[in-house]
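Just so we're on the same page: letters track the sequence lines, and every chain starts at 1. Bear in mind the structure is a predicted one, so any value in this text is a computation, not a measurement.
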Amino acid sequence: MEGDGGGLIEVTMRVNGREVKARVPPRMLLVHFLRDVLGLTGTHVGCDTSNCGACTVIMNGKAVKSCTVYVFMADGADILTVEGLSEDGKLHPIQEAFWDNHGLQCGFCTPGMVMTLYDFLGRNPDPTEEEVREAIEGNLCRCTGYVNIVRSALDAAQRMKGGGGG
Amino acid sequence: MAGERRYIGRRIKRKEDLRLLTGRGLYVDDIHLPGMVYAAFLRSAYAHARIKSIDTSRAEKLPGVLGVFTGEYFKDKVAPLMTAWALTNADLKPIKWPVVAYEKTRFTGDIVAVVVAEDPYTAYDALEAIEVEYEPLPVVVDVEEAVKPGAPQIHDEAPGNVAFHWKFRGGRDFEEVAAEADLVVKKRLINQRLIPAAMEPRAAVASYNPGTEELTVWVTSQNPHVHRLIMAGSLGIPEHKLRVIAPDVGGGFGSKIQVYPGEVIVARLAMDLGRPVKWVETRRENFLGTIHGRDHVDYVEVAAKKTGEVLGVRVRTLANMGAYLGTAAPGVPTILFGLMLAGPYKIKSVDVEVKGVLTNTTPVDAYRGAGRPEATYILERMLDVLARRLGMDPADVRRVNMIEEAPYEAVTGLLYDSGKYREVFEKALKLAEYYRWREVQSEERKRGRLIGVGIASYIEMSGLAPSRIARATGFGLGLWESVLIRVHPTGKVSVYTGSHPHGQGEETSFAQIVADALGVSIDDVEVVHGDTEQTPFGMGTYGSRTTPVGGSAVYKAAVRIREKARKIAAALLEAREEDIEFSEGRFYVKGSPEKSVTFQDVALAAYTAEKLPPDLEPGLEAVVFYDPENFTFPYGTHVAVVEVDPATFKVKILKYLAVDDAGVIINPLLAEGQVHGGVVQGIAQALYEYAVYDESGNLLTAGFNDYMIPTALDVPDVESHFVETPAPHNPIGAKGIGETGTIAATPAVVNAVLDALAHLGVEHIDMPLTPYNIWKALKESGVLAKLGKGR
Ligand code: FES
Ligand code: FES
């Protein structure tokens, strides 16, 4: 992906624990870098107005909408995407909870939801239902009515307290 | 259903989830092919205009641009798209949807030019370098304006902008029952325009191999075979040389049934350019160019007795069809709407006329529920108005009218084949504590709190559809469903279904059906769908048809395999076929269970083929095309309790409870998920969503900033209960659960809000019930003062 006429810039970052280095056009968005350059297509694009949250990844420990970040802004950053969430083939407790509680239907919003909750549950290990709803307010889901996403999140919090990781 | 149930009825977690949870799903936008180039579309700057000239020279010169293509290029290369539901006896006009606008544009989603570039960023740069000279034409967006004499004409083929005029009379003459009535309640109800907005934007990738003359198109589709058939026609290529693959699809809700210009364009350009071409719509394009839903003006009359007994319903509807007729569009505000106007009630007369009206707006087609929510909204809203006028409890009005037992032939001619309508109704009221809430309501009213309780009962014609009926209404094909089940030599099973689930979870529920029928582990069953080269011709997933129709095909095919396996087992065990029993995955000789072979043994024997009975072919597979005898009729009652803030007029849902009878529930975990999602989409129509056009035909709500898809903070928890009355005519007894929530929730919530305001004398407010719309209605009826507010 090029198309700026201008020169390419070099970026370096850690993505899911691996060092990556690439030359990219200055206006390239992080979400396109992850998807089209690194092939990490688990991070989705659902809008072009920063509303939907499908593109959410963890950047330096915080959930960000990767469609609002230029690649150069992530130079030197540590990025975690949904592909990097399970360790040694074992799902993260949030993923387990989504699976058990039917927290996904079409799955398009799911990676963004999971990454948003990864950040949130790290900060608030024992949330109320209302707090969960506030936390995912920036992530739209058209399939589940959020009912089972909220249940999954509350269940995940319990599992993570039980030492399930996170 | 025969056979042991080890999986059916259980809360089995989904087989599809591992890939989706780990980012390993495959959506169309995830497809990257070597040498792939990117298309972007320039859409019309005007809702109605003549194209005078298009200057593409500047765009063509940008580095990285392969070409710019206009209607001139496409007009002889691709045929325009036509609806697949050409209603009979409705004077339907042959409206053509051009793939790329030529000479004229009719809505702001019309594609005027296509850029292909080496990367998407360049493609979008190039769009801005195209110069189009338009001659704007007069615009009409409102249906009532569009049918007035002298309104702007949108298609020459449809004088007065009426694309069709559909009429239906059922039962007694309406005038006759009205003469016997104590009152006739009249209302003009608006069912506002909605935008489906699946979270995954639509997309297509096309790749052509000139050596084999095969074209492969990956597309966001709910019905890949229908896509193939229509696209082959438009492109003028043989159907068998076109392979359509709909991989993981990120939600559809009806919007991905339609065959759109976008996929035809990339297919044509992939052939012409010799490079794979990809297009992914922007969210703005999704709002402009992907079909919308609902958009009716309904003039309704209900004739009733003082007892609350409803004698007849007369409806005159103007249904906004937008600028063109979509793939299923004409059937939605007619067959799927008019035939539902008796609900679960003993109404004696239904009289409906619908005009499908063309306007300079996005085409309107099937959106979750498709016609049935519109009909249910009318009935349930009118029953509440009637209750109010008669001073009755809305629950009692429903009790007076509800059908006692099934089978029941409704006044519309539909045979409601099974259901315990009253039992489900009472159960919902009891579980929701309806009468306790009524007490809370009157107590809290004294303190100035506005609490309301709303009920909606519905019945739905689902499980679409018996082919002879579908054809009689003008549908282009039958509405059966297909499957190929293939048992491999190791006893593992692949199920190639013609359905195409995109979130509903049939990779799991179909595997449950097969695993039970064949006595194998669910882990040994794989459900494959979405690829025209793998599955038999199938009609796809919409209209809550996948489980009742597709699932019945799956069950019948599995039984066919079991019967062949029994014959093979008899040969292996040297016994008579009649003496072979089947249990827990083993065939054994009656009375001597130690003489047995496993299903896996039989599968292998089917392929080694040395011990087969002489009349049996080797192999173990079955193809079934299942055509339902009747529709299915899911029904139920939903109850909503709301509170309206007397200062801000914001509505909060305090409780939402659903009791649905969708027949046999294959997997309650997934069925509940369907109810939750459906209910929230129904709530969204009641309270939040509304597509708005200005007078020039610009869509003002063309994105998530302006069109309010609810967030997690805007909607409640949803309580879902089931009653299971098996559908009598299909072998699995399932009725379909995909749309019940959307059908019931809208009127339940609207009824609840108006119940909260009833003592103020407000009878009706059109949706969505936003704080502003509620405030405006209260102000207009002069009751704000009663709330202690002079505003
Ligand atoms: S893609 Fe929608 S917020 Fe990033
Ligand atoms: S699961 Fe489909 S959008 Fe959330």
Side-chain angles (χ1 to χ4, degrees), chain A residues 1-5 25 27-28 32 35-36 39-49 51-52 54 81-86 91 95-96 98-102 104-111 114 129-130 132-151, chain B residues 13-14 16-27 29-30 32 63-64 117-123 125 196-201 248-253 280 282-284 502-505 669-670 672-673 676-681 683 703-705 709-713 715 717-718 741:
Chain A
M1 279 248 216
E2 301 165 27
D4 198 18
R27 63 173 174 170
M28 180 181 268
H32 291 144
R35 289 178 52 79
D36 300 338
L40 295 170
T41 54
T43 301
H44 296 152
V45 181
C47 72
D48 29 46
T49 47
N51 292 92
C52 77
T81 73
V82 71
E83 287 94 343
L85 205 52
S86 43
L91 293 182
Q95 293 169 310
E96 292 277 4
F98 267 69
W99 199 351
D100 287 348
N101 292 283
H102 188 32
L104 63 155
Q105 290 184 24
C106 79
F108 197 78
C109 72
T110 310
V114 167
E129 178 184 333
E130 199 58 20
V132 168
R133 286 182 180 274
E134 269 167 36
I136 59 170
E137 195 204 3
N139 293 72
L140 297 176
C141 174
R142 198 58 159 158
C143 297
T144 64
Y146 307 102
V147 174
N148 284 343
I149 292 178
V150 172
R151 290 179 192 171
Chain B
K13 57 185 203 172
R14 295 202 313 176
E16 37 275 83
D17 285 1
L18 183 59
R19 68 172 188 271
L20 300 176
L21 277 166
T22 53
R24 263 68 181 196
L26 184 77
Y27 300 88
D29 190 18
D30 301 341
H32 270 254
E118 296 285 349
D119 73 281
Y121 286 59
T122 303
D125 285 346
M199 291 317 300
E200 178 206 24
D248 285 321
V249 174
F253 317 110
V280 181
T282 64
R283 181 54 68 179
R284 185 179 159 76
H502 41 283
Q504 297 86 346
L669 185 65
L670 309 193
E672 284 164 16
H676 299 156
V679 162
V680 163
Q681 277 177 328
I683 292 172
F704 292 136
N705 282 326
I709 305 279
T711 72
L713 275 179
V715 290
D717 193 41
V718 174

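Ranked by heavy-atom pairs shorter than 4.5 Å toward chain A, the options B/N705, B/V249, B/I683, B/L26 are led by B/N705. Of the listed residues (B/Q504, B/E16, B/R24, B/R19), the greatest number of heavy-atom pairs within a distance under 4.5 Å of chain A belongs to B/R24. Ranked by heavy-atom pairs under 4.5 Å with chain A, the list B/L20, B/T282, B/D30 is led by B/D30. Ranked by heavy-atom pairs under 4.5 Å with chain A, the list B/D248, B/T22, B/V680 is led by B/T22. Note: B/A197 leads B/G25, B/A197, B/G741, B/A123 in heavy-atom pairs under 4.5 Å with chain A. For the options A/I149, A/T144, A/L40, A/T43, heavy-atom pairs under 4.5 Å to chain B are most numerous at A/T144. Contact tally against chain B (heavy-atom pairs below 4.5 Å) for A/L85, A/V114, A/D100, A/T81: the top residue is A/D100.
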Check: Between B/L18 and A/L91, does a side-chain contact (heavy atoms from CB on, under 4.5 Å) hold up when you go through it step by step?
Finding: CA-CA 9 Å; B/L18 183 59; A/L91 293 182; 4.0 Å; yes
Check step by step if side-chain contact (heavy atoms from CB on, under 4.5 Å) holds for A/N51 and B/R283.
CA-CA 10 Å; A/N51 292 92; B/R283 181 54 68 179; over 6 Å; no
Go through the steps for B/T711 and A/L140 under the test side-chain contact (heavy atoms from CB on, under 4.5 Å), then give the verdict.
-> CA-CA 6 Å; B/T711 72; A/L140 297 176; 4.0 Å; yes
Practice prompt. Run the numbers on B/H676 and A/Y146 for ring pair (Phe, Tyr, Trp, His ring centres under 6.0 Å), then give the verdict.
Written response: CA-CA 8 Å; B/H676 299 156; A/Y146 307 102; over 10 Å; no
- Evaluate the side-chain contact (heavy atoms from CB on, under 4.5 Å) criterion for residues A/R133 and B/V715: first the C-alpha distance (whole Å), next the side-chain angles of each, then the deciding distance (0.1 Å), finally the verdict. CA-CA 9 Å; A/R133 286 182 180 274; B/V715 290; 4.1 Å; yes
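Interface residue A/T110: only side-chain heavy atoms are found under 4.5 Å from chain B. Interface residue B/F704: backbone and side-chain heavy atoms are both found under 4.5 Å from chain A. Only the side chain of B/Q681 comes within contact range of chain A, judged by heavy atoms closer than 4.5 Å. Contact of B/V679 with chain A is not made at all, since no heavy-atom distance falls under 4.5 Å. Residue B/P710 touches chain A through both its backbone and its side chain, counting heavy-atom pairs closer than 4.5 Å. Contact of B/L670 with chain A is made through backbone and side chain together, with heavy-atom distances under 4.5 Å. Of the atoms belonging to B/R14, heavy atoms from both backbone and side chain fall under 4.5 Å from chain A. Heavy atoms of B/D29 lying under 4.5 Å from chain A belong to its backbone as well as its side chain.
From A/F108, atom CZ reaches atom NE2 of B/H502 across 14.0 Å, with rounding to the nearest 0.5 Å. Between atom CG of residue A/N101 and atom CG of residue B/L669 there is a gap of 8.0 Å, rounded to the nearest 0.5 Å. In this structure, OH in B/Y121 is found 5.5 Å from CE in A/M28, a value given to the nearest 0.5 Å. The structure places SG of A/C52 at 4.5 Å from CE of B/M199, a figure rounded to the nearest 0.5 Å.
Between the A/R142 side chain and the B/P196 main chain, a donor and an acceptor come within less than 3.5 Å of each other.
Closest of all the heavy-atom pairs between A/V45 and B/P201 is O-CD, 3.6 Å. Residue B/G251 comes nearest to A/C106 through the heavy atom pair N-CB, 3.3 Å, listed as atom of the first residue, atom of the second, then distance.
With contacts defined as side-chain heavy-atom distances shorter than 4.5 Å, the pair A/E130/B/L713 qualifies.
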